[in-house]
Amino acid sequence: MMMLDVQGINVYYGAIHALKGISFHLNEGEIVALIGANGAGKSTSLSAISRVISTRSGAIFYKGESIINTPPQDIVTRRIIQVPEGRRIFPRMSVVENLEMGAYIHNDRGKIEKNMEAMFARFPRLRERRKQLGGTLSGGEQQMLAIARGLMAEPELLLLDEPSMGLAPIIVEQIFDIIQDINQHGTSILLVEQNAQMALSIANRGYVLETGRVVLEGSADDLLDNPHVQEAYLGGGG
Amino acid sequence: MAEEHHKRPVKMPQLNIKIIRLIAAFVVLVLLILRIHNVALESQLGASTWLRLSVSGLIIGGMYALIAIGYTLVYGILFMINFAHGEVMMIGSFGGYFVFEAFNAIPVTLHDGTQISFLNAQPVIAILLAFLIGMGIAALTGYFLEKIAYRPLRGAPRLVPLISAIGASIFLQNAGQLLFGPQRRQYINPVIIDRGLGWQIPIAGTKVLLTYSGIFSLVLSATLMVALYLLVQRTKLGRAMRAVAQDKRTAALMGINVDKIISQTFVISGALAGSAGVMWGIHNGLTNYFVGFLPGIKAFTAAVLGGIGNIPGAMIGGLFLGIVESIGPAALGIDFQLQDVIAFSILILVLILRPSGILGEALTEEKV
Ligand SMILES: Nc1ncnc2c1ncn2[C@@H]1O[C@H](COP(=O)(O)OP(=O)(O)O)[C@@H](O)[C@H]1O
Ligand SMILES: [Mg+2]
């Protein structure tokens with residue numbers, strides 16, 4: 001079943017035409033990767049879905065309903081949760097408070113406590129640092145916290161913006177294992193990455209973005225074999 | 001609560017400024033100590049006078065603190081100085097005034113036939129209602145102030161909402177004058193919070209009067225400050241306010257309705273200023289359309305002193321400023337009418353010597 005359907009959206013930043021009629025979709029249960037170089041429009045696509053940026057034209061459907069006029073807070077209550085680029089941890093809040101913020105749309109204390117316990121089980125580092133301020137965590141810890149915070153909302157569709165950015169390879173491996181695991185537990189994932197190799201290795205399908213346009217799309221395996229993708233995103237030649 | 005980092009100026013000029021600041025601070029300090037030393041030597045003022053001045057400063061300082069919290073909360077979220085905040089306090093002050101007036105106009109006959117006003121027959125109800133109305137209309141004023149004067153300018157350069165704030169301040173003052181008249185009005189207190197009666201505290205052979213209005217104001221302002229602190233630190237609303245202050249876009253990604261939280265911040269700030277307005281009337285006995293002007297600027301000073309954006313800083317800054325301007329004239333041996341000069345000297349000194357305030361971050365050009 002098609003869960004998310006983005007149809008020909010155009011986004012401008014003043015005079016900059018950032019998204020030039022981009023279309024893509026995601027079926028329930030999938031991991032879909034959006035790959036592309038810096039400035040291609042990946043983050044802008046996620047922001048458009050989260051409705052924190054306005055689209056000039058085009059349509060976005062979630063579970064068959066248009067969400068183009070839905071305010072950001074209602075996107076979250078519909079369980080479309082974005083984990084933003086650069087983690088965006090609240091620096092002067094503790095780890096626990098950051099997780100509480102993730103659960104902002106929920107009021108059931110029992111469920112929140114249970115979910116927090118589940119996060120600490122999944123990310124033991126966060127339990128050790130539960131009282132520490134978010135701004136004092138390492139990059140890897142912040143990324144774990146950002147993902148955990150996103151999960152506290154109980155997402156049905158998780159939008160992940162460059163979770164590997166600036167992290168050591170071993171941490172990136174861990175994070176991608178976790179992403180796969182989250183997906184196997186029933187959450188659909190739209191994964192934005194510059195690290196095309198990693199993203200396509202766990203994705204079902206993928207789209208390649210260049211300067212605000214989708215230039216290639218297909219199954220992850222096809223994209224990994226594609227000469228253009230290999231040339232431009234997988235370190236050439238291949 | 002502010003999130004932005006200011007640009008680091010080039011090294012050399014910064015060093016120079018630091019040295020100049022140090023020298024200036026040193027000179028000011030030496031002059032102050034000399035002056036206070038000389039005055040203290042010849043002073044005829046006894047311990048009781050200093051106590052009386054300190055306590056009365058603390059009482060007024062509590063009111064400054066309540067107003068200062070509003071400046072700091074709004075600055076923390078919008079990075080703007082809400083210069084109409086003093087007028088919000090003025091409107092709150094009138095709210096309490098009219099409640100007391102109305103209650104005072106209703107006569108009540110007791111069992112023994114004596115007639116008293118409803119104000120003194122039911123003082124607790126009168127006081128509760130005065131604060132409810134005063135804080136309520138001040139909160140509403142804050143709410144609409146943001147909706148009308150600031151929200152349409154969101155995203156405009158910093159100077160633009162600042163000008164709008166000054167305009168709103170002038171507008172509200174004039175509206176106050178039109179609605180309530182230009183004259184000073186005397187606050188009628190219920191006797192249990194009288195301005196003339198109180199506890200006699202014996203000290204050094206004499207007695208210091210601690211008025212009921214003063215005790216009441218001090219206790220209430222302390223209670224409200226604790227309540228505000230708990231609200232910000234412990235409640236979901238408080239967490240959302242901090243989240244919006246730290247990072248608006250990410251707050252929206254958490255499902256927070258950012259506009260709503262900004263509105264609620266103005267409502268809370270307005271209610272606190274309104275409570276200070278009612279206290280001001282109760283303790284000082286007078287209100288008029290201009291009553292918010294000086295406390296407004298002084299509370300702004302207090303907020304800057306404590307580090308704008310910093311809530312405990314605003315509280316400490318308010319109490320400190322109240323005490324300093326109260327004992328200042330006596331300590332410096334100058335006329336008591338120069339009180340206000342002390343507050344403004346402090347503002348200027350802090351801006352020059354330590355713009356980041358006692359506890360906070362810098363108030364730079366960029367941020368005003
Ligand atoms: N806030 C902004 N203001 C102006 N231009 C922006 C802004 N954010 C992104 N852009 C521009 O929009 C284009 C797409 O950016 P973005 O979506 O961040 O790309 P990506 O996430 O793929 O690196 C780029 O040209 C970028 O410079
Ligand atoms: Mg990006």
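We name chains A, B, ... by the order of the sequence lines, and we start the count at 1 in each one.
Checking B:Y75, B:Y64, B:Y71 one by one against B:F300, the ring-ring contact (aromatic ring centres under 6.0 Å, His included) holds for a single residue, B:Y71.
Comment: A:E141 does not engage A:R87 in a salt bridge, judged by the lack of any side-chain N to carboxylate O separation of less than 4.0 angstrom. Checked for salt-bridge contact, A:E85 and A:K42 miss the test: no charged N lies under 4.0 Å from a carboxylate O. A salt bridge does not link B:R234 to A:E97: none of the charged nitrogens lies less than 4.0 Å from a carboxylate oxygen.
Neither the backbone nor the side chain of A:R51 comes within less than 4.5 Å of any heavy atom in chain B. Interface remark: A:S50 contributes side-chain atoms only to the contact with chain B (heavy atom separation under 4.5 Å).
Options A:A153, A:P91, A:G102, A:P71 differ in how many heavy-atom pairs under 4.5 Å they form with chain B, and the most are formed by A:P91.
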